[in-house]
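Side-chain atoms are counted along with the backbone in the values below, which use heavy atoms only and exclude waters and symmetry mates.
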Amino acid sequence: MDASPDILEVVPGILRLQLPIDFTGLGHVNTYALEDEKGFTLVDPGLPGEESWNALRGRMDAAGIPLDRVHTIVVTHSHPDHFGGAGLLAQESGGAIVASD
C-alpha cells in the first residue's frame, strides 16, 4: 500500500506519518510522533538516504513538528526501514536515539 500524505491523529498527542518506501514490496513505513511537554519523540524514522529524509521532513512540516523540538528518536526493531533514518535525524535535531538490543 502506498504511503498516505495525510497526517493521522491516532489519539491526542500521537500522530502517524506514513513515509513512502520501496523496500521488499512495502509501499510505506509508519512513523509516529509523540508530543510531550519537552517536544516530540519520533518512532521509526524510515530508511536512510535523501529521498526518505525529504519525505520525513515534509511530513514533519505538514504536522507542525519543528526539527529542533525532536528530543528523542525511538527505533522499535532492526529493519532498515525503521532504523535507517535515525542517525541523520539525531544529528540534525540533537535528539537521543533509544533502541533495544
Look up atom [atom1] in [X] and atom [atom2] in [Y], then write down how far apart they are to the nearest 0.5 Å.
{"X": "N30", "Y": "S4", "atom1": "CG", "atom2": "OG", "result": "10.0 Å"}
{"X": "L42", "Y": "L15", "atom1": "CG", "atom2": "CG", "result": "9.5 Å"}
{"X": "S93", "Y": "I65", "atom1": "OG", "atom2": "CD1", "result": "11.5 Å"}
{"X": "R59", "Y": "T31", "atom1": "CZ", "atom2": "OG1", "result": "9.5 Å"}
{"X": "I21", "Y": "H79", "atom1": "CD1", "atom2": "NE2", "result": "11.0 Å"}

Query raised in the report: Residues two or more places apart in sequence or in another chain: which of them pass side chain to side chain donor-acceptor pair (under 3.5 Å) with D44?
Result: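 Scan of D44 (side chain to side chain donor-acceptor pair (under 3.5 Å), adjacent residues dropped) gives T76, H82.
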**Report entry** Results of side chain to side chain donor-acceptor pair (under 3.5 Å) for D2 - residues two or more places apart only
**Finding:**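 With neighbours one apart ignored, the set is empty.
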Side-chain donor-acceptor pairs under 3.5 Å in residues 33-41, sequence neighbours left out?
residue	atom	partner	partner atom	Å
D36	OD1	K38	N	2.9
D36	OD1	G39	N	3.0
D36	OD1	H71	NE2	3.1
D36	OD2	H71	NE2	3.2

By side-chain contact (heavy atoms from CB on, under 4.5 Å) - contacts of [X] (at least two apart):
{"X": "R57", "result": "W53, M60, D61, L67"}
{"X": "E51", "result": "none"}
{"X": "A86", "result": "P45, I73, V75, I97"}

**Report entry** Heavy-atom closest contact (S52 atom, L19 atom, distance)
**Finding:**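 That closest heavy-atom pairing would be OG-CD1, 4.5 Å.
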Query - Closest non-hydrogen atom pair between A55 and P20, with its separation - result: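 Looks like CB-CD, 3.8 Å.
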Transitively linked via ILVMFWY side-chain contacts under 4.5 Å: [X] with [Y]?
{"X": "V11", "Y": "V43", "answer": "yes"}
{"X": "L89", "Y": "I7", "answer": "yes"}
{"X": "L47", "Y": "L17", "answer": "yes"}
{"X": "V29", "Y": "V10", "answer": "no"}
{"X": "Y32", "Y": "V98", "answer": "yes"}

